[in-house]
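Since the structure comes first, as C-alpha cells, the remarks are kept for the end.
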Amino acid sequence: MSAGRPFLACACFFSDNVFVGRYGLHVRYRDERQLRRDYGRALRERGCRSEEDFGAALREIEAEVNRRKELIHQSVKRKAIISKCYKRKHPEVYTLQDSFLSPDFLDIVRYCTAPDAHLHGLLRYLESFSEKRIYRLPVFTEEFCQAFVDELENFEQSDMPKGRPNTMNNYGVLLNELGMDETFITPLREKYLRPITALLYPDLGGACLDSHKAFVVKYSLHEDLDLSSHYDNAEVTLNVSLGKDFTEGNLYFGELSQDPTPVPKYIEIEHVGAQGLLHRGGQIHGALPIASGERWNLIVWMRSSAIRNQLCPMCNKKPELVEAEGFGDGFTEDLKDDVLGTVDLCSLW
C-alpha cells in the first residue's frame, strides 16, 4: 500500500474507454442518446448502419458497463473459490525466485541499484527502439516460462471461474485472482523493476511505482488473434513474451495518447521469447494477428499514485475517487500537506 493508504479507482472506469469489439472502437457511455450523438458517425463508418446493428452494439456496451459495476464483488468471489479449490500443477512458480530470472536481467538490476548508476550506463544493457522510449530486456529463463505457461494451461483447462483480463482480451488469466500478486508480482515490481524504471522513466514516477495490475493474455487462431490500438491504464508497462510457438503477431507502437498526430508514425517490434518490452503506458500500441500457433504474454501495468492522483490517464481529469479492491486502479487520497511543485512527488508515497 502507498504509505498505508488504501488504493482506489476513478469513477470514469464505469463509463469511459468501453471497447466495442465488433467495431474496434472505444467509447464513453452515459446513455443511448449520448452514444448516438457522440459516436453515431464513427459507428456508421465502421459498419454499424442499421438500428439492429446499433441495438447490438448498445447491448454489448451496457453488458460491459454492468460487468464493471459487478467487478469487485465477482473478483473477490472468484479469488476465494480458486484459493480453496484449485490444485496447482507447479506450486513453485507462485513465489518469485532469482532462479526464475535471466542472469542478464539480474546484471541489469545490480547495475541500477549501484550508487553511481545513470541512464546512459543502463542503456548499454538494453535494446532501444527509436525515440519512443521503448526498451527490450531479458527477464525470465526459458525453463521458468515453460513451467509458468504449463501452469496457466492447467488453470485454463480446470473448471475454476475465470475473469477477463480486460475489455479487449477475452482469453487469459488475472494473476491477482490466481494468487500471484503478493508473492510474485509485487516483489518483481518493487525489488527488480523499480530500480530500472527509476532511471528510464523518472518523469512518470518510475522511482515510485507503488501498485500494479498483472495479467496474462493468450492469442491463438481460434481465440483472440490480435489486439486493436489502445493505451494502458498505467504509467509504465512491462510486456513479456512467455511462448509458445507462433508466427507473426508483431507489436506496433504509435504516438502518445495525449499527443496525437494527423499521420502517426508506427514501428513494429517482434516478440522474443522470455524477453520483455518496457514502454510508457500512454503509448498507443496494439498487436498484429498471429498467423499460426499460440502465444502467451505477461502484462504488468505499473502505476504511480503520486503521478495519477493529479490526473487520471483514462479520462484526463482530476480523478473522482471510488472504493476498490486490492490495488484498485492505483489512486490514493492525497495527503493534506501535499504541496505540488515544491515536493518530490515520489517522496509522497
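Please read these numbers as outputs of a predicted model, since none were measured by experiment.
Across all non-hydrogen atoms, the minimal contact from L251 to A287 is CD2-CB, 4.0 Å. The two residues R189 and L209 make their nearest non-hydrogen contact at NH1-O, 2.9 Å. Here the shortest heavy-atom pairing between H90 and A147 reads CD2-O, 3.5 Å. Closest approach of L122 and I196 over heavy atoms only: CD2-O, 3.9 Å. Summarising the geometry of P6 relative to T332, their closest heavy-atom pair is O-CG2, 3.8 Å, with the distance given to 0.1 Å. P187 approaches L96 most closely through the heavy-atom pair C-CD2, 4.1 Å.
Of the possible donor and acceptor atoms, one in the side chain of N17 sits under 3.5 Å from a partner among the backbone N and O of M314. Formation of a donor-acceptor pair under 3.5 Å by the D31 side chain with backbone atoms of R33 is found in this model. Checked by atom type and distance alone, the side chain of Y86 pairs as donor or acceptor with a backbone atom of F155 at under 3.5 Å. Put simply, the side chain of T113 gets close to the backbone of R110: a donor and an acceptor are under 3.5 Å apart. R308 contributes no side-chain N or O that, together with a main-chain N or O of G330, makes up a donor-acceptor pair within less than 3.5 Å. Side chain of E235 to backbone of L204: no donor-acceptor contact under 3.5 angstrom is found. A donor-acceptor pair is defined here as one N or O able to donate and one able to accept, closer than 3.5 Å; no such pair exists between the side chain of Y29 and the backbone of F14. The closest donor-acceptor contact from the side chain of K318 to the backbone of N309 lies under 3.5 Å. The closest donor-acceptor contact from the side chain of E294 to the backbone of K218 lies at 3.5 Å or more, if one exists at all. S75 places no side-chain N or O within 3.5 Å of a backbone atom of I72 that could act as its donor or acceptor partner.
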Walk me through whether S211 and S305 qualify under side chain to side chain contact (heavy atoms under 4.5 Å, CB included).
CA-CA 8 Å; S211 70; S305 60; over 6 Å; no
Side chain to side chain contact (heavy atoms under 4.5 Å, CB included) between F144 and E142: does it pass, once the steps are laid out?
CA-CA 5 Å; F144 168 75; E142 294 284 355; over 6 Å; no
F148 and Q146: CA distance, side-chain angles, deciding distance, side chain to side chain contact (heavy atoms under 4.5 Å, CB included) verdict:
CA-CA 5 Å; F148 189 26; Q146 291 171 7; over 6 Å; no
**Request:** Take K132 and E255 through the salt bridge (Lys or Arg N to Asp or Glu O under 4.0 Å) test and state the conclusion after the steps.
**Result:** CA-CA 8 Å; K132 296 183 184 295; E255 311 300 330; 3.6 Å; yes
Would you sort out whether E64 and R164 count as a salt bridge (Lys or Arg N to Asp or Glu O under 4.0 Å), showing the intermediate values? CA-CA 11 Å; E64 171 59 19; R164 293 167 58 189; 3.5 Å; yes
Evaluate the side chain to side chain contact (heavy atoms under 4.5 Å, CB included) criterion for residues V76 and Q74: first the C-alpha distance (whole Å), next the side-chain angles of each, then the deciding distance (0.1 Å), finally the verdict. CA-CA 6 Å; V76 170; Q74 294 297 330; over 6 Å; no
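With S241 as the partner, the side-chain contact (heavy atoms from CB on, under 4.5 Å) test is satisfied by one option alone out of N297, L298, V139, L277: N297. Among H212, E325, K213, the single residue meeting the side-chain contact (heavy atoms from CB on, under 4.5 Å) criterion with N176 is E325.
The NZ atom of K77 lies 12.5 Å from the CD1 atom of I82; values are rounded to the nearest 0.5 Å. Expressed to the nearest 0.5 Å, how far CE of M180 lies from CG of L188 amounts to 10.0 Å. Within the model, atoms OH of Y252 and CG of L288 stand 6.5 Å from one another, a figure rounded to the nearest 0.5 Å. How far CG of L152 is from CG of L242: 7.0 Å, rounded to the nearest 0.5 Å. Distance CD1/I61 to CG/N66: 12.0 Å, rounded to 0.5 Å. Taking OG of S158 as the start and CZ of R88 as the end, the distance is 12.5 Å to the nearest 0.5 Å.
Proximity of H26 to D16: side-chain heavy atoms (C-beta onward) are nowhere separated by under 4.5 Å. Within the 4.5 Å cutoff, side-chain heavy atoms of V272 are placed close to those of R136. A 4.5 Å side-chain heavy-atom check between L193 and M302 finds at least one atom pair inside the cut-off. When side chains are defined from C-beta on, L137 does not count as touching Q275, because their heavy atoms never get closer than 4.5 Å. Residues L256 and I284 fail the side-chain proximity criterion, which asks for heavy atoms closer than 4.5 Å. For the pair D329/F7, no side-chain contact is recorded, criterion being any heavy-atom separation below 4.5 Å from C-beta on. W301 has its side chain out of reach of N239: every pair of non-hydrogen atoms, C-beta onward, lies at least 4.5 Å apart. Counting only heavy atoms from C-beta outward, the side chains of S15 and V65 never approach each other to under 4.5 Å.
L178 and L71 are not part of a single hydrophobic cluster, where members link through side-chain heavy atoms under 4.5 Å apart. I307 and L311 are assigned to two separate hydrophobic clusters, defined by single-linkage of ILVMFWY side chains at heavy-atom distances under 4.5 Å. Both V149 and M160 are assigned to one and the same hydrophobic cluster, defined by single-linkage of ILVMFWY side chains at heavy-atom distances under 4.5 Å. Both L119 and V109 are members of a single hydrophobic cluster when ILVMFWY side chains are connected at heavy-atom separations under 4.5 Å. Under the 4.5 Å side-chain heavy-atom criterion for Ile, Leu, Val, Met, Phe, Trp and Tyr, L200 and V300 are members of the same hydrophobic cluster.
Ionic pairing of K244 and E153 is present here: one or more N-O contacts between side-chain nitrogen and carboxylate oxygen are shorter than 4.0 angstrom. Under the 4.0 Å criterion applied to side-chain N and carboxylate O atoms, E177 and R78 are assigned as salt-bridge partners. A salt bridge links D150 with K89: the closest approach of a Lys/Arg side-chain nitrogen to an acidic carboxylate oxygen falls below 4.0 angstrom. Salt bridge status for R36 with E51: present, with a side-chain N to carboxylate O gap under 4.0 Å. Ionic pairing of R303 and D210 is not present here: no N-O contact between side-chain nitrogen and carboxylate oxygen is shorter than 4.0 angstrom.
Within 6.0 Å of the CD atom in E182, the count of heavy atoms belonging to other residues, nucleotides or ligands does not exceed 12. Surrounding CD of E52 are at most 12 heavy atoms belonging to other residues, nucleotides or ligands under 6.0 Å away.
A cation-pi arrangement, defined by a distance under 6.0 Å to the six-membered ring centre and an angle within 45 degrees of its axis, is absent between R280 and Y201.
Between the side chains of E268 and N250, at least one donor N or O lies within less than 3.5 Å of an accepting N or O. In this structure, a donor-acceptor pair under 3.5 Å is absent between the side chains of D181 and T186.
Ring centroids of F184 and Y94 are separated by 6.0 Å or more, keeping the two rings apart. Two rings, from H279 and F253, have their centers less than 6.0 Å apart. Aromatic rings of F140 and F100 (six-membered ring for Trp) have centroids beyond the 6.0 Å cut-off, not under it. Taking the six-membered ring for Trp and the full ring otherwise, the centers of H230 and H285 sit less than 6.0 Å from each other.
Clustering of Ile, Leu, Val, Met, Phe, Trp and Tyr side chains at separations under 4.5 Å places L321 together with L8, F331.
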